[in-house]
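Just so we're on the same page: letters track the sequence lines, and every chain starts at 1.
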Protein chains: 2
Amino acid sequence: MVMTRALDLLGGRLKLRHLVLVTAIADHGSVLRAAEHLRLAQPAATRGLREVEQILGVELFTRGPRGVTPTVFGTAFVDHARAVQAELRRAGDRITGLANGETGTVTVGTLLAATNVLLPRSIAALKAERPGITVIVREGTFDSLVPRLIDGDTDLVLGRLNPIDDRHGLRQIPLYDEPILLVARSGHPASTTSTLAGLLGYPWILPLEQTSLRQELEQVFKAQDLPLPEDRVECTSILTIRSLLLQTDMVAALPALLVRSDPQLVCLPVPLASVKRSVGVTLPGSRALTPAAKVMLDHLRTQSTTLEP
Amino acid sequence: MVMTRALDLLGGRLKLRHLVLVTAIADHGSVLRAAEHLRLAQPAATRGLREVEQILGVELFTRGPRGVTPTVFGTAFVDHARAVQAELRRAGDRITGLANGETGTVTVGTLLAATNVLLPRSIAALKAERPGITVIVREGTFDSLVPRLIDGDTDLVLGRLNPIDDRHGLRQIPLYDEPILLVARSGHPASTTSTLAGLLGYPWILPLEQTSLRQELEQVFKAQDLPLPEDRVECTSILTIRSLLLQTDMVAALPALLVRSDPQLVCLPVPLASVKRSVGVTLPGSRALTPAAKVMLDHLRTQSTTLEP
DNA sequence: GCGTCATATATCGGGATTGTCATAGCTCAG
DNA sequence: CTGAGCTATGACAATCCCGATATATGACGC
């Protein structure tokens, strides 16, 4: 028996039209009807079929006076042809879905600040409108998230706006203002202390040195000629911070919205006016946002307006 | 947000080349390398990529000075492109497999005669050589199998060759000769009876009227001016026949190979010279045999030569 | 037989497709 | 700031692709 070499249908002259044609012929059981259905003259259809058959080296349909009937090869090939077409349809759907932002993934890097209220609300709103979008949240410091932003792993970073590191050409969009407050557990002995100096005797929880909040806090101390508290913990984990606050007499600087929603914490009447309050998103300057990221940004914007009071 | 209409990639000018190109670019991370790999100049590759992007309406790769990197759309689309190509490869394999007879299905209709020895041996030989071929066996009478042969449900019919019903343009190929013998259980009171007339007093099992063997048997009786036995059962089920033979004093006409392999049956010394002995295959005249059927036919041929005694 | 229905073949012209070469533009590294 | 390494673009030629029209061929039913 003559063994034929395995076929390569990709390099050759097989066209997608051929697949469409062949399935149409199979569906209608007739070259003529298939031709009508595809809006072309019968000779074109016949020739197309012969082309495929020549490419494959086998007869796909046996011609009869009452139409055509598929051969073994015909039925087999039509199966695959249908599969290919289905795959292409899926590809089309996928692309339009992604382009319309109905589908896709958005990865949000988040700093401590906005994590509490704005982000959950925005995610909820986004999922309500576009259930097809997958949201990935990545917690971290600004410095650790910026590289992710650059290499495309993360679409946008949400949090207190840091001084822009212009080397990477990042863009920043302010969303709302949220004061930073000094807080302690309710019942803390310094609950009514209204000067920074009066708090120096307590242990403090400060943000890591890399963060901009830390830098600004240091400025506050410096402006009043005070040293940094000696007894201090450096920490950004909100769960750890909260536990420490509740179980000890520590003092910390936290975003207002974090404090407001926690009855076990109180804020101390020490003004921190010089600390910047702007919370917003940081975006990669170069790359275009994916549609899904755009949608997320929209929701961050609208949700942030509801926070303003 | 602007909603794009769902894409139809089948009607448009998307070509399989585009899919190959896009995956090549994704694989090499560079239009230039992809071009080399596909043996064409870089401008051609660049233009091809732009074509796909225009067809899809999105950017698939972001161009960098160090090559290109896929966008969300790029990675998504490449996935589908790969799937399509895999499907086409499978299609090619399937077709060549079928064409080479490595794969596929052969449906054999079988009459009583050859079912016993030739068919099992042939199937065994075929499966040993081509494990990929599926064999379907359909038992029945010649008349019930011919329509299957015509409509393509059955590839070939194996059995005693009937007078060809030429309306359907069937072809017949004789394979070997196998006498028909009159048989009864061993120990039957007529074990040594050597004339047909001497057996008329016993009950008989005869084939159905539709079968050619029945016609020929009737000729045998007629030639000797004998009536058909009055006490008779008409049956083609070999299991039933055998049980009847063993449990009663019935007499039956069976192919030699069926008797030879069954020690509980004996053949009666009554010559049935005029009964045709040829066993073979009947094929549809019009349709071409599938490769799998051809292979089966080859094995039937070679196996039948080993039976000739 | 003859009309009908279906497929096969021949020929032809417009136009899209697919390449090439040459060259321009851009970005990063040294 | 210059060269290396990519991609983008423009111009142009050959081809092949694809459609239509006209006609032939073959099977079936009446």
Side-chain angles (χ1 to χ4, degrees), chain A residues 9-22 24-55 59-71 74 150-151 167-169 284-287, chain B residues 9-22 24-55 59-71 74 150-151 166-169 284-288:
Chain A
L9 302 180
L10 290 169
R13 22 187 198 132
L14 186 73
K15 304 273 157 44
L16 290 174
R17 328 175 19 261
H18 289 136
L19 304 185
V20 177
L21 175 64
V22 166
I25 294 178
D27 286 340
H28 292 93
S30 145
V31 175
L32 188 59
R33 305 251 185 88
E36 290 169 3
H37 184 249
L38 299 178
R39 316 199 163 198
L40 40 90
Q42 165 261 323
T46 292
R47 184 169 59 191
L49 175 55
R50 300 191 84 81
E51 284 167 5
V52 186
E53 290 180 328
Q54 197 205 333
I55 291 169
E59 188 181 58
L60 294 181
F61 295 88
T62 63
R63 278 68 160 177
R66 222 60 196 166
V68 296
T69 57
T71 65
I150 305 294
D151 67 24
R167 290 176 307 196
H168 305 118
S286 52
R287 188 159 26 83
Chain B
L9 302 180
L10 290 168
R13 24 190 199 132
L14 186 73
K15 304 274 157 45
L16 289 174
R17 327 176 20 262
H18 289 137
L19 303 185
V20 177
L21 174 63
V22 166
I25 294 178
D27 286 340
H28 293 93
S30 144
V31 175
L32 188 59
R33 305 256 182 84
E36 290 168 2
H37 184 249
L38 298 178
R39 321 208 160 191
L40 36 92
Q42 166 261 323
T46 292
R47 184 166 57 186
L49 174 56
R50 301 192 85 80
E51 285 167 3
V52 187
E53 291 180 327
Q54 197 206 331
I55 291 169
E59 188 181 58
L60 294 181
F61 296 88
T62 64
R63 278 67 160 180
R66 221 60 195 167
V68 296
T69 57
T71 65
I150 305 294
D151 67 24
D166 205 29
R167 289 175 307 196
H168 305 119
S286 52
R287 188 160 25 85

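- Counting heavy atoms from C-beta outward, B:Leu19 and B:Val52 have side chains that stay 4.5 Å or more apart.
- Here the OG1-CG distance, from B:Thr69 to B:Leu60, works out to 11.5 Å after rounding to the nearest 0.5 Å.
- In terms of heavy atoms, B:Ala45 sits closest to B:Leu21 at O-CD2, 3.5 Å.
- Judged by distance alone, with hydrogens and angles left aside, B:Arg33 brings no side-chain donor or acceptor close enough to the base of D:dG5 to form a pair under 3.5 Å.
- As a whole-Å value, the separation of A:Leu38 CG from D:dG19 C1' is 13 Å.
- Contact check, B:Arg13 against C:dA16: no side-chain N or O comes under 4.0 Å of OP1 or OP2.
- Residue order along DNA chain D, read from the 5' end via each residue's closest nucleotide, puts B:Gly64 first among A:Arg39 and B:Gly64.
- At the phosphate of D:dA8, OP1 or OP2 sits under 4.0 Å from a side-chain N or O atom of B:Arg50.
- To the nearest angstrom, C1' of D:dT9 lies 13 Å from CZ of B:Arg63.
- Of the candidates B:Arg13, B:Glu53, B:Glu51, B:Glu51 is the only one forming a side-chain hydrogen bond (donor to acceptor under 3.5 Å, both in side chains) with B:His18.
- A straight line from CG of A:Leu60 to P of C:dT7 spans 15 Å, rounded to a whole angstrom.
- For the pair B:Leu40 CG and D:dT15 P, the interatomic distance rounds to 18 Å; values are reported in whole Å.
- In this structure, A:Leu49 places its CG atom 17 Å from P of D:dC17, rounding to the nearest Å.
- In this structure, the nucleotide among D:dC18, C:dT20, D:dA8 sitting nearest to the side chain of B:Thr46 is D:dA8.
- Between the P atom of C:dT9 and the CD atom of A:Glu53 lies a distance of 11 Å, rounded to the nearest Å.
- Residue B:Leu14 contributes atom CG, which lies 14 Å from atom C1' of C:dT17 at whole-angstrom precision.
- Judged by distance alone with a 3.5 Å cut-off, a donor-acceptor contact links the side chain of B:Gln42 to the base of D:dA8.
- Within the structure, a side-chain polar atom (N or O) of B:Arg17 is placed less than 4.0 Å from OP1 or OP2 of C:dT18.
- Contact annotation: side chain of B:Arg47 to base of C:dG19, donor-acceptor pair present below 3.5 Å.
- Distance from the side chain of B:Ala44 is smallest for C:dG19 among the nucleotides C:dT7, C:dG19, D:dA20.
- Residue whose closest nucleotide on DNA chain C sits further toward the 5' end, between A:Lys15 and A:Pro65: A:Pro65.
- Contacts of B:Ala41 with the nucleic acid, taken as non-hydrogen atoms under 4.0 Å apart, involve only primed sugar atoms and P, OP1 or OP2.
- Atom P of nucleotide D:dG5 and atom CG of B:Leu32 are separated by 11 Å, given to the nearest angstrom.
- In terms of phosphate contacts, B:Ser30 brings a side-chain nitrogen or oxygen within less than 4.0 Å of OP1 or OP2 of D:dT7.
- Within a 6.0 Å sphere centred on CZ of B:Arg33, other residues, nucleotides and ligands contribute 12 heavy atoms or fewer.
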